[in-house]
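Beneath this line is the structure, given in structure tokens, with notes to follow.
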Amino acid sequence: MIVFDKLWIYLKNRGISTYRLRENSGIDGKTIRRLKANDNMETKTLSRICEALDCRLEDIAEFVKDREEE
């Protein structure tokens, strides 16, 4: 599964609030909630976040093998 734990670390380390992320990337509060829940995200949304943060996808997301698959 794809998890966004790195996103929250990235934001914290750079002093960026979720409000500022929303404003700069054009995403809404519902999308922030979905990111926090590690829900599915459209690549378009991830691209907008990376553009706003001037980062790479691997800076904000990572694949973690689902424990149920083991």
Side-chain angles (χ1 to χ4, degrees):
M1 87 189 279
I2 303 296
V3 296
F4 299 100
D5 298 341
K6 287 180 154 188
L7 172 61
W8 314 117
I9 295 167
Y10 189 94
L11 293 175
K12 183 178 179 182
N13 288 343
R14 286 157 182 79
I16 301 170
S17 67
T18 55
Y19 174 80
R20 191 162 131 209
L21 174 62
R22 286 180 17 225
E23 291 297 309
N24 291 345
S25 65
I27 62 174
D28 59 17
K30 181 180 177 183
T31 301
I32 295 292
R33 287 189 298 277
R34 292 183 67 225
L35 285 162
K36 286 184 178 182
N38 294 316
D39 284 343
N40 291 332
M41 282 291 124
E42 291 186 11
T43 54
K44 174 177 67 174
T45 301
L46 296 174
S47 292
R48 290 166 67 181
I49 292 170
C50 288
E51 179 83 26
L53 295 176
D54 191 27
C55 69
R56 300 173 304 168
L57 182 58
E58 56 267 27
D59 294 331
I60 63 167
E62 67 180 325
F63 173 77
V64 176
K65 188 170 183 171
D66 193 352
R67 295 172 196 230
E68 294 175 8
E69 293 176 5
E70 293 180 348

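We count residues from 1, following the sequence as given. In this text, all values refer to a predicted model and were calculated from it rather than measured experimentally.
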Point-to-point distance, once rounded to the nearest 0.5 Å, from [atom1] of [X] to [atom2] of [Y]:
X: C55; Y: R14; atom1: SG; atom2: CZ; answer: 8.0 Å
X: W8; Y: I16; atom1: CH2; atom2: CD1; answer: 12.0 Å
X: K6; Y: L57; atom1: NZ; atom2: CG; answer: 9.5 Å
X: I49; Y: L21; atom1: CD1; atom2: CG; answer: 5.5 Å

(request) Can you establish whether the number of heavy atoms outside D54 located under 6.0 Å from its atom CG is more than 12? (result)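 Result for CG/D54: open.
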(message) Surrounding CD of E51 (heavy atoms of other residues, nucleotides or ligands, distance under 6.0 Å), is the total greater than 12?
(response) no
(message) For E42, give me all partners under side-chain hydrogen bond (donor to acceptor under 3.5 Å, both in side chains), at least two apart in sequence or on another chain.
(response) none
For [X] against [Y], the heavy-atom pair lying closest together:
X: A61; Y: I2; value: CB-CG2, 4.0 Å
X: C50; Y: R56; value: SG-C, 3.8 Å
X: L53; Y: Y10; value: O-OH, 3.2 Å
X: F4; Y: M41; value: CZ-CG, 3.7 Å

(request) Hey, could you give me each pair passing side-chain hydrogen bond (donor to acceptor under 3.5 Å, both in side chains) that has a residue in residues 30-39? Not counting sequence neighbours. (result)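 Found D28-T31.
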(request) With L7 as reference, evaluate T18, I32, D59, L35 under the side-chain contact (heavy atoms from CB on, under 4.5 Å) test and give the passing residue. (result)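 Per the side-chain contact (heavy atoms from CB on, under 4.5 Å) rule, the option paired with L7 is L35, out of T18, I32, D59, L35.
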